[in-house]
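Structure first, then comments.
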Amino acid sequence: MISTGIEPLIGHMRNGARPVLTAAEWRSTLKAWAHLLFFLLLNSFLYNHHFKIGINLYFSDLLVFALLALTLFIWMEASPGRDTQPWLWFFFLLFAYYLFLAFYAYAWLGNGIPDIMGRFRHLYFYLLPFLAGLVFTHSGKDGTKYFWFIRIHVLVSVVIGVLSLKYPGLSMSRIYLEGELADPRYFMVVTHGTALLCCLLFVHELVTLATRRRGGVRPVFFLVVALVGILGSQNRSVLITFLLMAGLVFLFGFNAGKETRKRMRVCAVLTVALFAGFSLALMLSPLYAKFQDRITETIDAFSGKQEFFTTIPGIRVGRTIATYREWLKSPVIGCGWGSQITEFQIYDLEGNYIRTNYGTPHNYYITILYQAGVIGFMIMMAFLGGVFWRIRPAGKMDSENVAGYSLFIFYAGFLVFNIANTLFYGNPVFIPVCGYLLGAAVSLAGTPSGRGKDLRPIRPWPSEPAVISPGAAGA
């Protein structure tokens with residue numbers, strides 16, 4: 001029987017007794033509910049409808065509110081551990097500065113309230129589930145649950161996406177509900193956020209195969225499912241990120257122990273065979289015409305057949321340059337929330353005017369620098385760098401640290417992905433899901449204690465028993 005965490009409460013009620021639970025039982029119950037809310041949040045990728053009650057609320061907003069309520073309740077009930085306090089103070093600092101930017105944009109710049117609060121909402125509120133992941137992840141068993149959640153979400157998403165190839169209306173309605181724009185030239189098996197989670201799943205299953213003697217059919221099955229989602233997303237940034245993540249897996253794997261290196265060679269051959277096989281099958285299928293346009297655009301952009309700054313990659317570079325020039329007008333505190341420019345004068349690298357373009361910079365870092373200035377940019381980089389430093393692997397890749405390596409490699413790819421995207425800036429589902437996973441990664445991670453594989457994990461509550469090594473989180 002799978003434990004839900006509410007058995008103590010049910011037992012008290014069946015006995016006719018007042019449901020007075022111990023502190024440990026309360027924590028177990030709240031953690032179970034937090035895991036359920038995270039699972040629902042993860043699957044709100046599939047359906048994220050608006051609720052209009054004076055302001056636009058997403059279904060995912062309600063789930064984030066519930067997660068944060070549980071998190072605050074736990075922190076009020078018991079003092080956070082020493083290792084979690086710096087992260088709490090960081091969010092207080094971030095909140096204070098972002099709130100200042102909101103008043104600055106409204107009082108001095110005259111920006112509209114909806115635009116101001118929209119940026120504040122995406123850059124602060126949606127990141128807060130990081131604290132929930134930090135608080136509600138206590139052991140490797142929690143990590144195992146998260147990866148099963150991801151497996152289920154990816155499998156359901158890919159099945160719906162593949163069915164939509166035969167029934168296009170299914171895909172169109174799903175994309176519409178997620179707030180994505182459907183381009184009639186292309187199809188998407190999964191959206192970009194789910195595609196990145198496909199990359200995480202692929203990495204996890206690949207590391208599992210390389211480090212465990214009994215890999216079985218399950219990892220191979222989910223490798224295939226994840227690869228269908230990655231290629232079917234038609235997102236060039238996702239594809240580049242996937243290749244980077246796979247490269248990191250092989251880099252770490254070939255520097256591991258002897259047995260892991262042997263199995264990693266097999267995994268490398270399997271990865272190349274799967275990728276080449278799917279690519280060949282796609283090229284021979286009627287669907288290739290929908291991919292060909294995007295592939296041709298990329299080849300023309302970098303081969304010199306077309307003027308670079310008239311191509312989509314070139315336009316994105318031009319938008320980044322234009323945003324940087326606007327940032328120079330207020331470099332220290334930025335231009336404030338709601339100052340997102342959507343009309344860009346595109347110039348080449350020599351300063352010659354090319355064209356006027358409309359859109360966004362498609363670069364998370366330059367966008368933060370533009371709106372929050374050097375101060376806000378440094379605060380955010382301190383956070384991202386702190387997470388990177390904390391979750392870096394402590395030992396060689398083996399069966400004891402599958403989850404740790406998987407989440408670290410995903411995070412490294414995620415940082416690169418946002419050089420050409422703003423998915424960590426404006427997506428009401430991906431940001432809180434990713435924030436929760438990063439919080440879980442920090443909680444599961446440890447630092448070398450001078451005893452080989454022994455790790456010193458974060459303990460949210462001093463009264464909790466010692467957390468086991470993050471290796472047990474691998475599933």
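A quick note: this is a predicted structure, and the numbers were derived from the prediction, not measured.
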Would you call the rings of [X] and [Y] parallel, tilted or perpendicular, taking 30° and 60° as the class edges?
{"X": "Tyr104", "Y": "Phe100", "value": "parallel"}
{"X": "Tyr405", "Y": "Phe252", "value": "perpendicular"}
{"X": "Phe414", "Y": "Phe430", "value": "tilted"}

Would you indicate whether the side-chain heavy atoms of [Y] and [X] approach each other to under 4.5 Å?
{"X": "Tyr126", "Y": "Tyr58", "value": "yes"}
{"X": "Val203", "Y": "Phe242", "value": "no"}
{"X": "Asp142", "Y": "Phe136", "value": "no"}
{"X": "Thr367", "Y": "Tyr364", "value": "no"}

Full working for side-chain contact (heavy atoms from CB on, under 4.5 Å) between Tyr411 and Leu437: CA-CA 10 Å; Tyr411 184 56; Leu437 288 174; over 6 Å; no

Not counting sequence neighbours, which residues clear side-chain hydrogen bond (donor to acceptor under 3.5 Å, both in side chains) with Ser237? List them please. Asn421

Would you please name every residue forming a side-chain hydrogen bond (donor to acceptor under 3.5 Å, both in side chains) with Tyr146, sequence neighbours left out? His35, Thr137, Tyr436

Nearest 0.5 Å, please: how far is [atom2] in [Y] from [atom1] in [X]?
{"X": "Ile160", "Y": "Leu155", "atom1": "CD1", "atom2": "CG", "result": "10.0 Å"}
{"X": "Arg392", "Y": "Phe408", "atom1": "CZ", "atom2": "CZ", "result": "9.0 Å"}
{"X": "His192", "Y": "Cys198", "atom1": "NE2", "atom2": "SG", "result": "12.0 Å"}
{"X": "Met380", "Y": "Tyr97", "atom1": "CE", "atom2": "OH", "result": "11.5 Å"}
{"X": "Thr241", "Y": "Leu200", "atom1": "OG1", "atom2": "CG", "result": "12.5 Å"}
{"X": "Phe417", "Y": "Phe410", "atom1": "CZ", "atom2": "CZ", "result": "10.0 Å"}

Please report the C-alpha distance between Tyr365 and Leu384 in whole Å, then the side-chain angles of each, then the deciding distance to 0.1 Å, and finally whether the side-chain contact (heavy atoms from CB on, under 4.5 Å) criterion is met. CA-CA 11 Å; Tyr365 306 103; Leu384 296 177; 4.2 Å; yes

Check the pair Ile379, Phe90 against side-chain contact (heavy atoms from CB on, under 4.5 Å), reporting the backbone distance first and the verdict last. CA-CA 8 Å; Ile379 294 174; Phe90 165 80; 3.5 Å; yes

Passes ring pair (Phe, Tyr, Trp, His ring centres under 6.0 Å), Phe222 versus Phe202? Steps please. CA-CA 7 Å; Phe222 282 108; Phe202 191 96; over 10 Å; no

State whether the side chain of Thr208 and the backbone N or O of His204 hold a donor-acceptor pair below 3.5 Å, judged by distance alone. yes

Looking at Ile419, is its backbone amide N or carbonyl O close enough to the side chain of Asn363 to form a donor-acceptor pair, meaning the two atoms are under 3.5 Å apart? yes

Please say which of Leu67, Val64, Leu63 ends up in a side chain to side chain contact (heavy atoms under 4.5 Å, CB included) with Pro432. Val64

Could you check Leu128, Leu131, Leu134 and say which one makes a side chain to side chain contact (heavy atoms under 4.5 Å, CB included) with Thr71? Leu131

Smallest separation among heavy atoms of [X] and [Y], with atom names:
{"X": "Met397", "Y": "Val249", "value": "CE-O, 3.9 Å"}
{"X": "Ser60", "Y": "Leu41", "value": "CB-CD1, 3.7 Å"}
{"X": "Ala441", "Y": "Leu407", "value": "CB-CD1, 3.7 Å"}
{"X": "Asn401", "Y": "Lys396", "value": "ND2-O, 3.0 Å"}
{"X": "Val225", "Y": "Val158", "value": "O-CG2, 3.7 Å"}
{"X": "Ala66", "Y": "Leu37", "value": "CB-CD1, 3.7 Å"}

Mark yes when over 12 heavy atoms from residues, nucleotides or ligands other than Met381 sit less than 6.0 Å from its CE; otherwise mark no. yes

Atom OH of residue position Tyr106 - does it have more than 12 heavy atoms of other residues, nucleotides or ligands inside 6.0 Å? no

Is the centre of the Phe130 ring less than 6.0 Å from the centre of the Phe383 ring? yes

Tell me if the centroids of the rings in Phe125 and Phe65 come within less than 6.0 Å of each other. yes

Check step by step if side-chain contact (heavy atoms from CB on, under 4.5 Å) holds for Leu70 and Phe73. CA-CA 5 Å; Leu70 290 178; Phe73 184 85; 5.6 Å; no

